[in-house]
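Report on the following structure.
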Amino acid sequence: MSLFWGIVLAGIGAYTMRASFVVLLSGVTFPDRVIRILDHVGPAVMAALVVTTLTGSDGRLEAGPIEFLTLAVMAGVTLWRNDLLIGLFTALVVFFASNSLCG
Amino acid sequence: MEILSPIVRAAFKDMLPLFLPALPFALLFGVMVVESGVPHLLGWSSSIIMFGGSAQMTLITLVGEGAAVSAAITTTLIVTARHILYSVTLAPRFQVQPRWFRWLGPYVLIDQVFALTQVRDLSDDTDFRHYYLAAGFTFWFMWAVFTGLGIILAPIIPASIGIEIAITLMFLGLLLMAIKRKSQVVTAAVSAAIALWFAHLENQVGLIIAVLVSLAVATINEWRRA
């Protein structure tokens, strides 16, 4: 199989996964209880993604004290200002400042 | 007269900070295409055809290392499997939308777009549709441009840009802003703990396990509460 057809097949596969339930369940009525459970998917996925991006392929945490400090600043500022962009920039400033001071 | 509606401008404003952490990955993907020996235009076409950073990186890396294309596709689809959960979650929002949107919208249903739908409170269905398309195709356009730039500028882009933590920060910020109930804190904590426990599994399978187990816990908690 050529790479071009590989990319096409992977694209079709990715689209099918994204569209599957959106299209299949278009006529289904969702009970409130199910919708309340679906509200948990976002936090569950985001929390798992945070951990996944902090670990190496061997499963060990690759984050050190500076990374944890940066994450704490991100959490604190984002919750305080309720603004993702301000949280991100503040955390990155702390990250670079800490690295230049300790590195 | 404003050219863009307020909801579309809000989508641009919300999506731009989410693209900043993805920008180094877009450039690095371009470098990966060049280093893998894959024809440049073919590698870049995956940004349009697949549109999914981690899936594209997996496919190009494996093919570049000499893996069979069929094996690379299988691995890529495992990495993409979490998008099924996004599809389930957004099904109630999409079912009241026009048919063309139900077919077009999933094309841009990536992590960042899904996360914004969980953070933004969009009760009006038309607003939801405009916001979703504006946010999704803003990211899509920038991803296509910057992965292309990564290929062109590959010789001068370092192997590590040093701000990879930005993507973790973005997901953390989105997590905090997506949480609206105490029970969701429990779900997030369970998911994080299990993701750490299974982090050694290949192809992000641990992530899928973490999400499914934490959703099972959430389901039990919701039933007990009812």
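Per chain, numbering begins at 1; letters A, B, ... match sequence-line order.
- Counted within 6.0 Å of NZ on Lys180(B), heavy atoms from surrounding residues, nucleotides or ligands total more than 12; the atom is thus considered enclosed.
- Rounded to the nearest 0.5 Å, atoms CD1 (Ile7(A)) and CE (Met50(B)) are 7.0 Å apart.
- Interface summary for chain A: among Ala178(B), Pro92(B), Ser46(B), the most heavy-atom pairs under 4.5 angstrom belong to Pro92(B).
- For Asn221(B), no part lies under 4.5 angstrom from a heavy atom of chain A.
- Counting non-hydrogen atoms of other residues, nucleotides and ligands closer than 6.0 Å to CD of Glu202(B) gives a total of 12 or fewer.
- We find the CG-OG1 distance between Leu38(A) and Thr219(B) to be 9.0 Å, quoted to the nearest 0.5 Å.
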- Applying side chain to side chain contact (heavy atoms under 4.5 Å, CB included), run through Arg82(B) and Leu49(A) and close with a yes or a no. CA-CA 11 Å; Arg82(B) 66 178 177 276; Leu49(A) 281 170; 4.1 Å; yes
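- Looking only at side-chain heavy atoms (C-beta outward), Phe114(B) and Val41(A) come within less than 4.5 Å of each other.
- Of the two parts of Thr52(A), only the side chain, counted from C-beta on, holds a non-hydrogen atom closer than 4.5 Å to a non-hydrogen atom of chain B.
- The residue among Pro106(B), Ser191(B), Ser87(B) with the most heavy atom pairs within less than 4.5 Å of chain A is Ser87(B).
- The residue among Asn82(A), Leu24(A), Val50(A), Asp58(A) with the most heavy atom pairs within less than 4.5 Å of chain B is Val50(A).
- From Thr55(A), atom OG1 reaches atom CD of Gln204(B) across 9.0 Å, with rounding to the nearest 0.5 Å.
- A distance of 5.5 Å separates CG of Leu3(A) from CD1 of Ile60(B), quoted to the nearest 0.5 Å.
- Taking Ile48(B), Leu196(B), Val119(B) one by one and counting their heavy-atom pairs under 4.5 Å with chain A, the maximum is reached by Leu196(B).
- Interface summary for chain B: among Val28(A), Asp83(A), Val8(A), the most heavy-atom pairs under 4.5 angstrom belong to Val28(A).
- The two residues Arg102(B) and Val23(A) have their closest heavy-atom pair at O-CG2, 3.9 Å.
- Among Trp197(B), Tyr107(B), Trp103(B), Phe198(B), the residue with the largest count of heavy-atom pairs under 4.5 Å with chain A is Trp103(B).
- Judged by distance alone, the side chain of Arg181(B) and the main-chain N or O of Arg36(A) form a donor-acceptor pair under 3.5 Å.
- Using a 4.5 Å cut-off between heavy atoms, Ser20(A) touches chain B through backbone and side chain atoms alike.
- Neither the backbone nor the side chain of Thr16(A) has a heavy atom closer than 4.5 Å to any heavy atom of chain B.
- For Leu61(A), the part sitting under 4.5 Å from any heavy atom of chain B is the side chain, from C-beta outward, and nothing else.
- For Phe94(B), the part sitting under 4.5 Å from any heavy atom of chain A is the side chain, from C-beta outward, and nothing else.
- By number of non-hydrogen pairs under 4.5 angstrom with chain B, the leading residue of Gly59(A), Gly42(A), Gly56(A) is Gly59(A).
- Taken from CD1 in Ile35(A) to CZ in Arg93(B), the straight-line distance is 9.5 Å, to the nearest 0.5 Å.
- Atom CG of Leu90(B) and atom CZ of Phe21(A) lie 12.5 Å apart (nearest 0.5 Å).
- Leu88(A) approaches Pro21(B) most closely through the heavy-atom pair CD2-CG, 3.8 Å.
- When every heavy atom of Phe30(A) is checked against every heavy atom of Gln95(B), the shortest pair comes out as CE1-NE2, 3.6 Å.
- Contacts of Leu18(B) with chain A are made by side-chain atoms alone, with heavy-atom separations under 4.5 Å and no backbone atom involved.
- Gln118(B) has its side chain out of reach of Met46(A): every pair of non-hydrogen atoms, C-beta onward, lies at least 4.5 Å apart.
- Annotation: maximal heavy-atom pairing with chain B below 4.5 Å, among Ala19(A), Gly11(A), Pro43(A), occurs at Pro43(A).
- Proximity to chain B (any heavy atom under 4.5 Å) is restricted, for Thr78(A), to the side chain, taken from C-beta onward.
- Considering only heavy atoms from C-beta on, Met17(A) stays 4.5 Å or farther from Tyr86(B) through its side chain.
- Heavy-atom pairs under 4.5 Å with chain A were tallied for Ile49(B), Leu59(B), Thr80(B), Thr117(B); the largest tally goes to Ile49(B).
- Between chain B and the residues Val34(A), Leu9(A), Leu84(A), Leu54(A), the most heavy-atom pairs under 4.5 angstrom are made by Leu84(A).
- When side chains are defined from C-beta on, Phe95(A) does not count as touching Leu169(B), because their heavy atoms never get closer than 4.5 Å.
- Within the 4.5 Å cutoff, no side-chain heavy atoms of Ser214(B) are placed close to those of His40(A).
- Counting all heavy atoms, side chain and backbone alike, Ala75(A) lies closest to Leu176(B) at CA-CD1, 3.4 Å.
- Heavy atoms closer than 4.5 Å to chain A are found in both the backbone and the side chain of Val88(B).
- Panel note: side chain Glu67(A), backbone Ile165(B); no donor-acceptor pair is recorded below 3.5 Å.
- Counting heavy-atom pairs under 4.5 Å between each of Gly43(B), Pro17(B), Ala81(B) and chain A puts Pro17(B) at the top.
- The two residues Gly6(A) and Val69(B) come nearest to each other via the heavy atoms CA-CG1, 3.6 Å.
- Among the candidates Tyr15(A), Phe89(A), Phe4(A), the residue making the largest number of heavy-atom pairs closer than 4.5 Å to chain B is Tyr15(A).
- Both the backbone and the side chain of Ala115(B) come within less than 4.5 Å of a heavy atom of chain A.
- Considering every non-hydrogen atom in both Asp39(A) and Gln184(B), the closest pair reads O-NE2, 2.8 Å.
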